[in-house]
Amino acid sequence: MTPGILRATSIESFPTLDAIPRIAARFLTKVPDVPVTLERKEAMALLAPFHQQFLRECGLGAYPLASAEQVHGTEVAVVTTASNEPIPGVDGLVTTTRGITLGIYVADCAPVWITTRDGRAGALLHAGKKGTALGIVQAGISTLCKSANLAPSDLVLFVGPCIRPPCYEVDFAAEILNLARAAGIVESHDCGICTACHPDRYYSYRSAKGMTGRMLATLTMLPS
Ligand SMILES: [Zn+2]
């Protein structure tokens, strides 16, 4: 299969995020028929052309992608320009810059989108069991608020597909919502989808014992 042959089911979006102006949020799921029983780096290299193709299919191919090293930590970068290399040491990306796409790779960990209702600022976080316990959600909220002069009550938070009970012993999606509320976010949503329950649609690190692909969550700040 080449990147030119696509299945529309590989691109998901969510009504809650679709309703917000000036942004585009997408979740690029499993690429059917591409064997990815591989380590992370190899799997991501194999999937990269498909991810680029999917973004073009969504009309988002023109925007450079800023990504994060993703170390299951709590560092958050404020992104003003996209570079080819992932930003080292961070698990969260925040921006107010138009015309770029933030990207986070996941397979069981949650992608967490945080935006304002008017789409003028946004964040995308990589939040699994460890990062959530360490404080990536609070760090993302506080960095976004500081960088764009916002209050948590200005924000909408959305938890994407991730592993959940009973497939996993820790309900970190529920914890992300609890932390959002505690931080002062009044509007938070969870898609409720478990990655491990749908092997046809999603990669699951735990189900595949670590040898699998990565989904790409994106947040594009559309040009004004
Ligand atoms: Zn499940």
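When a ligand or atom number is given, it counts from 1 through the structure's own listing order.
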His189 and Glu187: CA distance, side-chain angles, deciding distance, side chain to side chain donor-acceptor pair (under 3.5 Å) verdict | CA-CA 7 Å; His189 306 266; Glu187 188 180 351; 3.1 Å; yes
Arg26 bridged to Glu57 by N-O distance under 4.0 Å | no
What residues form a side-chain hydrogen bond (donor to acceptor under 3.5 Å, both in side chains) with Tyr202, not counting sequence neighbours?
-> Glu12
Residue set satisfying side-chain hydrogen bond (donor to acceptor under 3.5 Å, both in side chains) with Glu69, at least two apart, ordered chain then number -> none
Would you tell me whether Asp154 and Thr116 have side-chain atoms, one donor and one acceptor, within less than 3.5 Å of each other?
-> no
Within less than 2.8 Å of the Zn ion (ligand 1): protein N, O or S atom count = 3
All salt bridge (Lys or Arg N to Asp or Glu O under 4.0 Å) counterparts of Arg164, not counting sequence neighbours = Asp190
